[in-house]
Each structure stands twice: as structure tokens, then as C-alpha cells.
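All residue numbers refer to positions in the sequence shown, counting from 1. Worth saying up front: this structure is predicted, and the values here are computed from it rather than measured.
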Amino acid sequence: MYEALDAQGLPNLRPALTVGELPTAEERQAALVEATPVIADKIGMPPVGVLKLALPVFSAFEGMTRAKAKHHPDAKLLLTQGCDVPLDFCPSFN
């Protein structure tokens, strides 16, 4: 669960939606490890490592630069920071 604020600014508990909303560093790291191959399959590129919380998704893929990521069909995902990756890419966290 993630404690967010509702429209009136009051605390509201809801399920986490992104990697960065997970409560512990261990859970965030596990989610990034799990999301890496799922995203690799989606974009059709092999990863060179695991996604990092503070780096854009494209940095985990071989030969991918910011310029290439901007022109890729999945540009929005590739330019997303690791902390903002949706948990939809992490099957065990859904």
C-alpha cells in the first residue's frame, strides 16, 4: 500500500502503481530486476544490465542512447526513470 494524498490533500491509502512507490529498497530492486526482461521483450532489445532506480530505462539496453530512445516507438517508456516504471511490467507485484 502507498499513502498518497487525495484531491483535498488528505491521506489516502492505495496500492502502489510505480516501482518508486514500493515501501522498501529491496522490493524496488526486485521489481526492477523483474521488469528488465519484460521491457526487453516489449522493445525487442537485449538488456546490458538491470534497470536502475535513478536512471532512464533506455540506459539498461545495448546501444540505446537518449537520441535513439526519443525516436523509438516505445519512447515514452524508454525515457521513463526507473522509479517511475509502472508495476504493470512486474508480474509478481500486480
K.L.:
If you compare all heavy atoms of F61 against all heavy atoms of P47, which two are closest, and at what distance to 0.1 Å?
P.N.:
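Between these two residues, the closest heavy atoms are CD2-CA, 3.7 Å.
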K.L.:
Just how far is it from atom OG1 of T65 to atom NZ of K68, taken to the nearest 0.5 Å?
P.N.:
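With rounding to 0.5 Å, OG1 (T65) is 5.5 Å from NZ (K68).
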K.L.:
At their closest point, which heavy atom of R66 faces which heavy atom of L79, and how far apart are they?
P.N.:
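So the minimum-distance heavy-atom pair works out to NH1-CD2, 3.9 Å.
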K.L.:
First locate atom CZ of R28, then atom CD of E26, and finally report the distance between them rounded to the nearest 0.5 Å.
P.N.:
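With rounding to 0.5 Å, CZ (R28) is 8.5 Å from CD (E26).
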K.L.:
If you compare all heavy atoms of A31 against all heavy atoms of V19, which two are closest, and at what distance to 0.1 Å?
P.N.:
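Distance-wise, the nearest heavy atoms are CB-CG2, 4.1 Å.
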K.L.:
Rounded to the nearest 0.5 Å, how far apart are CG of D74 and CG of L78?
P.N.:
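Reported to 0.5 Å precision, the distance equals 6.0 Å.
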K.L.:
For the residue pair A75 and A69, what are the closest heavy atoms and their distance?
P.N.:
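The answer is CB-O, 3.1 Å.
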K.L.:
Measure the CG-CZ distance between L22 and F93 for me, rounded to the nearest 0.5 Å.
P.N.:
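Between atom CG of L22 and atom CZ of F93 there are 5.5 Å.
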K.L.:
Does V50 offer a backbone N or O that forms a donor-acceptor pair with the side chain of T36 under 3.5 Å?
P.N.:
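Not confirmed, T36 side chain does not pair with V50 backbone.
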K.L.:
What closest approach, in Å, do V33 and P37 show between heavy atoms, and which atom pair accounts for it?
P.N.:
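Closest heavy-atom pair between V33 and P37: O-CD, 3.2 Å.
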K.L.:
To the nearest 0.5 Å, what is the distance between CD on Q29 and NZ on K52?
P.N.:
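Taking CD in Q29 and NZ in K52, the distance rounds to 6.5 Å.
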K.L.:
Atom CG in L55, atom OG1 in T80: separation rounded to 0.5 Å?
P.N.:
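That separation rounds to 13.0 Å.
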K.L.:
With F89 as reference, evaluate L51, L77, V57 under the side-chain contact (heavy atoms from CB on, under 4.5 Å) test and give the passing residue.
P.N.:
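Output: one option passes, namely L77.
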K.L.:
Could you pull out the closest heavy-atom pair between V38 and E34, with the gap in Å?
P.N.:
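Nearest heavy atoms, V38 then E34: CG2-O, 3.5 Å.
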